[in-house]
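Within every chain, numbering begins at 1; the chains are lettered A, B, ... in the order of the sequence lines, protein sequences first and strands thereafter. Heavy-atom basis, side chains included; hydrogens, waters and symmetry copies ignored.
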Amino acid sequence: MHRLGSLLSHKPLLNPRAPPYSLISSSTFSYSPNSIEIFYDHLLKSCNGSSSLKQIHSALTTTGLITTSPHLGGQIIIKYAKFDDLNRARLLFDNINVCYDKPTSFLCNTMIRAYANVGQCFETLKLYSFMRKTGTFVNNYTYPFVFKACALNLLVREGKVVHGDALKNGFGSDLYVEAGLVDMYAKCGLFVDCRKIFDEMSTKDLVCWTAMITAYEQAEKPEEALILFKKMQQEEGLLADSIAVVSVASAVGQLGDVRNAHTVHGYAFRKSLIEELCVGNSILTMHNKCGNTEKARLVFDMMMERDAISWNSMLSGYTQNGQATEALLLFDEMRDSDCQPTPVTALIMVSACAYLGFRHLGRKFHDFIVDSRMEIDTNLSNALMDMYAKCGDLEKAVDLFNGIPPTERNAGSWNVLISGYGMHGHGKEALELFSRMQEEGVEPNHFTFTSILSACSHAGLIDEGRKCFAEMRRLSVTLEDKHHACVIDMLGRAGLFQEAFDLIKEMPSPPSDGVWGALLLACKIHGNMELGKTAASNLLQLEPNHTGYYVLMSNIYAASNKWKEVWKLREDMKNKGLKKPAAFSMIEYGEDILGFHTADQENPYRHEVYKKMESLAIEMKMAGYVPDLSCALHDVEEEDKERMLNYHSEKLAVAFGILKIDPGMVIRVTKNLRVCNDCHSAFKYISHIYQRKIIVRDANRFHHFQGGTCSCKDYW
DNA sequence: GTAGGGTTAG
């Protein structure tokens with residue numbers, strides 16, 4: 001930063017090789033080509049490869065035109081830049097300059113543009129400084145390039161100095177210069193400066209409006225972006241082009257606004273803008289962000305051409321919307337396509353494995369990344385760590401963390417490891433890491449606090465959790481809803497209902513469904529029907545179509561034998577067309593994953609597994625297990641309830657593990673919903689009787705059963 | 001002969 005800043009102090013800089021005569025005066029040069037120039041100009045226009053460009057360059061050098069015709073010299077510089085050969089472009093630029101006592105504005109602008117377009121801010125500013133020192137006329141073409149380079153590198157101090165220069169030189173009200181300034185200040189996060197320039201502009205065109213709209217969208221203020229967009233249409237009568245559509249689609253996606261998504265899609269379709277790759281990409285991303293993967297897939301399938309962004313966007317859409325297996329299928333299609341996976345693809349696929357808990361597949365993706373020599377940056381490392389932690393291999397996650405050089409670890413790296421320890425029930429270790437993170441000067445963010453509070457809840461570290469929450473208040477950390485939800489979850493699971501409810505009442509903004517949901521879960525665990533009703537009535541107002549909350553409340557009623565209420569809730573669900581999600585458990589069997597759910601007639605192992613589960617129930621009872629009949633949710637005889645408990649999907653999966661998996665091996669099960677209290681207690685007995693290690697993952701929490709105990713403290 | 005606004009992962 002300092003080195004760049006010093007470039008703007010105006011030291012005299014003279015070209016020692018410059019001849020003492022002037023061929024052309026740079027600022028007054030006006031162009032009128034002769035026939036040879038026109039010939040070469042045509043040649044250059046049709047040149048589309050670097051080897052033919054080099055031939056033209058050499059011909060121009062032989063004829064001497066390269067130095068006498070700044071037009072052709074400039075065109076060659078532009079072409080070299082287009083072919084990413086900045087070094088050659090610069091060499092030519094310097095060679096031409098040697099012939100004059102002062103460079104031309106045109107050539108300098110062309111060279112600055114080349115640097116700015118690839119974000120080489122250092123060289124851009126150096127050249128800008130060079131122009132000023134050599135007295136080369138800095139014009140309305142120069143400033144937008146310099147602002148762009150500053151914007152890309154967030155060099156606000158340097159940008160402000162150049163802004164001052166532009167004002168002094170009378171370019172303060174040039175449309176292009178102002179648009180560049182709006183964009184630069186927006187990208188550097190200086191909203192006040194940005195908006196001031198925008199508001200004071202005498203004329204604004206579509207580009208300026210789009211720059212300002214994008215500024216809001218990028219700052220995650222999508223509502224304001226859309227307000228401005230409406231204003232642009234209504235007050236100025238400007239019509240959105242493809243770039244404006246991309247920006248607006250992104251804002252709509254952030255809001256998850258399905259109705260506006262429909263409108264934007266329709267507009268892009270009517271104007272045929274959707275045929276453009278970038279517009280197609282932004283529309284499909286928008287639908288994915290609105291949770292509508294079907295519509296997104298329709299756009300994806302209709303696209304005339306697709307790039308890595310199209311594929312990555314669709315893959316991440318599936319992963320983010322809980323359709324990770326669809327992502328796995330689509331990935332195979334991608335490999336058969338013209339578009340090959342990028343590091344972003346790898347990151348998405350690793351996250352898909354993390355979500356599904358597919359350990360072996362996750363490892364295969366890791367091997368794939370290494371074998372294809374993809375660049376593994378910190379974000380990809382973090383995703384890999386997260387995958388290993390979520391697939392039950394915390395040690396591997398720790399290894400990866402230790403492998404990242406300390407200077408390259410970002411807050412995300414620490415967060416992933418902290419949440420990894422937390423989800424495996426190692427609350428103390430998570431807290432230690434939190435201290436270490438701060439000692440090493442890494443600022444905790446809202447994710448960190450969520451992970452810590454969740455770790456305390458899972459490990460039953462109530463005092464530590466309280467302390468952490470108090471510390472957050474002391475430090476004036478912005479308390480988000482999810483932080484409250486974690487604390488309510490922690491207090492609720494510990495049965496501290498008064499404290500939990502007091503906290504809800506103290507909340508500055510109305511509690512979200514996450515907060516009431518945490519309370520409702522606690523009510524279910526402890527059979528607190530009264531508070532459960534309060535929580536449920538709030539929830540049904542906030543999220544009237546969330547199946548999970550109906551199920552939790554009906555569980556509470558069922559546990560107290562209030563069958564009338566249970567049936568009433570079921571009726572409500574039926575009338576709304578809501579279905580209880582089917583419980584589903586998966587077990588790792590060799591390199592395969594086997595699925596189990598109750599009453600599965602297709603499962604080839606069903607007979608032996610049911611039989612094993614019945615004998616396991618007898619063995620467990622002999623060891624002291626008492627079935628928790630409150631977990632059986634049907635209004636049937638006690639004996640039937642007991643039998644139904646035995647058919648819970650997680651019990652079937654574990655029974656399969658006892659039958660089929662070698663005694664020395666860990667039994668690894670993942671359940672889509674929370675493990676029920678009775679299964680949790682049963683697995684403790686099974687781990688003791690058979691001396692097996694059983695690891696069960698539910699809703700991103702792990703339960704390690706060994707020798708009759710579980711690592712977690714959140715089941716009572 | 002040169003210009004300003006844009007999409008994917010976390």
Side-chain angles (χ1 to χ4, degrees), chain A residues 29-33 37-38 41 44-45 69-78 81 104-114 116-117 139-148 151 171 174-184 186-187 204-215 217-218 240-251 253 276-286 288-289 306-317 319-320 342-352 354 377-383 386 410-413 415-416 447:
Chain A
F29 174 73
S30 69
Y31 175 66
S32 56
E37 279 182 292
I38 292 170
D41 196 44
L44 275 167
K45 279 203 176 100
S69 165
H71 166 70
L72 290 174
Q75 293 306 312
I76 297 212
I77 290 174
I78 292 169
T104 69
S105 297
F106 168 59
L107 280 187
C108 287
N109 287 345
T110 306
M111 198 60 231
I112 280 193
R113 171 200 187 205
N117 278 343
N139 61 20
N140 50 330
Y141 286 88
T142 322
Y143 291 111
F145 295 134
V146 181
F147 294 143
K148 184 179 186 179
F171 290 106
D174 181 276
L175 182 64
Y176 287 80
V177 173
E178 285 177 306
L181 281 166
V182 168
D183 186 54
M184 180 186 73
K187 290 212 167 73
K204 301 192 249 292
D205 63 1
L206 180 63
V207 176
C208 300
W209 280 95
T210 313
M212 198 63 229
I213 291 166
T214 309
E217 175 264 310
Q218 291 284 311
D241 66 356
S242 55
I243 297 180
V245 167
V246 167
S247 212
V248 169
S250 180
E276 286 176 50
L277 180 60
C278 58
V279 177
N281 283 347
S282 68
I283 300 283
L284 94 88
T285 305
M286 172 183 73
N288 276 328
K289 294 238 166 101
R306 298 183 192 115
D307 63 359
I309 292 179
S310 329
W311 287 94
N312 291 346
S313 180
M314 198 60 233
L315 290 168
S316 87
T319 309
Q320 299 290 312
T342 67
V344 173
T345 320
L347 192 145
I348 298 164
M349 296 319 294
V350 166
S351 315
D377 65 0
T378 306
N379 290 334
L380 186 50
S381 291
N382 294 351
D386 191 45
N410 57 24
S413 321
N415 293 348
V416 166
F447 290 115

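Inter-residue side-chain proximity for A/Phe145 and A/Asn109 is flagged as met; some heavy-atom pair is nearer than 4.5 Å. Side-chain contact between A/Met184 and A/Val146: absent, with no pair of heavy atoms (C-beta onward) separated by less than 4.5 Å.
Between A/Gln320 and B/dG10, a side-chain N or O to OP1/OP2 separation shorter than 4.0 Å is present. Contact check, A/Thr214 against B/dG5: no side-chain N or O comes under 4.0 Å of OP1 or OP2.
Nearest nucleotide to the side chain of A/Ile348, out of B/dT7, B/dA9, B/dG5: B/dA9. The side chain of A/Ala244 has B/dG5 as its nearest neighbour among B/dG4, B/dA9, B/dG5. The side chain of A/Val344 has B/dT8 as its nearest neighbour among B/dG10, B/dT2, B/dT8. When the nucleotides B/dG5, B/dT8, B/dA9 are ranked by their closest atom to the side chain of A/Asn379, B/dA9 comes out on top. Closest contact between the side chain of A/Asn312 and the listed nucleotides B/dG5, B/dT8, B/dA9 involves B/dT8. When each of B/dG4, B/dA9, B/dT8 is scored by its nearest atom to the side-chain atoms of A/Leu347, the top-ranked nucleotide is B/dA9. Residue A/Ser313 places its side chain closer to B/dT8 than to any other of B/dT8, B/dA3, B/dG4.
In this structure, A/Ser282 OG and A/Ile243 CD1 are separated by 11.0 Å, a value rounded to the nearest 0.5 Å. Distance check: A/Ile112 CD1 to A/Leu107 CG gives 11.5 Å after rounding to the nearest 0.5 Å.
In this structure, A/Glu276 reaches neither bases nor backbone, as no heavy-atom distance under 4.0 Å exists between it and the strands shown. Within the nucleic acid shown, A/Thr285 comes within 4.0 Å of sugar-phosphate atoms alone, with no base atom in reach, counting heavy atoms only. Residue A/Ser282 is classed as having no contact, given no heavy-atom separation below 4.0 Å to the nucleic acid. Heavy atoms of A/Leu277 sit nowhere under 4.0 angstrom from any nucleic acid atom. Contact annotation for A/Ser316: backbone-only contact, meaning every heavy-atom pair under 4.0 Å involves sugar-phosphate atoms and none involves a base. Within 4.0 Å of A/Phe145, counting heavy atoms only, lie sugar-phosphate atoms of the nucleic acid but no base atom. At the heavy-atom level, A/Lys289 lies under 4.0 Å from the strands shown only through sugar-phosphate atoms. As judged by a 4.0 angstrom heavy-atom cut-off over every strand, A/Leu107 is placed among residues making no nucleic acid contact. Among the protein residues, A/Asn109 comes within range of the nucleic acid bases, having at least one heavy atom under 4.0 Å from a base atom. Using a 4.0 Å heavy-atom cutoff across all strands shown, A/Asp205 reaches at least one base atom of the nucleic acid. Across all strands, A/Lys45 comes closer than 4.0 Å to no nucleic acid atom at all (heavy-atom distances). No engagement by A/Asp307 is indicated, since no non-hydrogen atom pair under 4.0 Å with the nucleic acid exists.
Atom CG in A/Asp183 sits about 13 Å away from atom C1' in B/dA3, given to the nearest Å. Distance A/Leu206 CG to B/dA3 P: 18 Å, rounded to the nearest Å. As rounded to whole Å, 12 Å separates atom P of B/dG10 from atom CG of A/Leu315. The CZ-P distance, from A/Phe147 to B/dA3, rounds to 17 Å in whole Å. Atom CE of A/Met212 is separated from atom C1' of B/dG5 by 12 Å (rounded to the nearest Å). One atom, CD of A/Gln218, and another, C1' of B/dG5, lie 11 Å apart when rounded to the nearest Å. Atom CD1 in A/Ile243 sits about 10 Å away from atom C1' in B/dG4, given to the nearest Å. Between A/Met184 atom CE and B/dG5 atom C1' the separation is 15 Å, expressed in whole Å.
A donor and an acceptor atom sit less than 3.5 Å apart, one in the side chain of A/Asn140 and one in the base of B/dA3.
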Q. Hey, mind stepping through A/Asn288 and A/Ser316 against side chain to side chain contact (heavy atoms under 4.5 Å, CB included) and telling me if it holds?
A. CA-CA 8 Å; A/Asn288 276 328; A/Ser316 87; 5.8 Å; no

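A/Asp41 places no side-chain N or O within 3.5 Å of a backbone atom of A/Leu44 that could act as its donor or acceptor partner.
Looking at every heavy atom in both residues, A/Leu277 comes nearest to A/Ser310 through CD1-OG, 3.8 Å.
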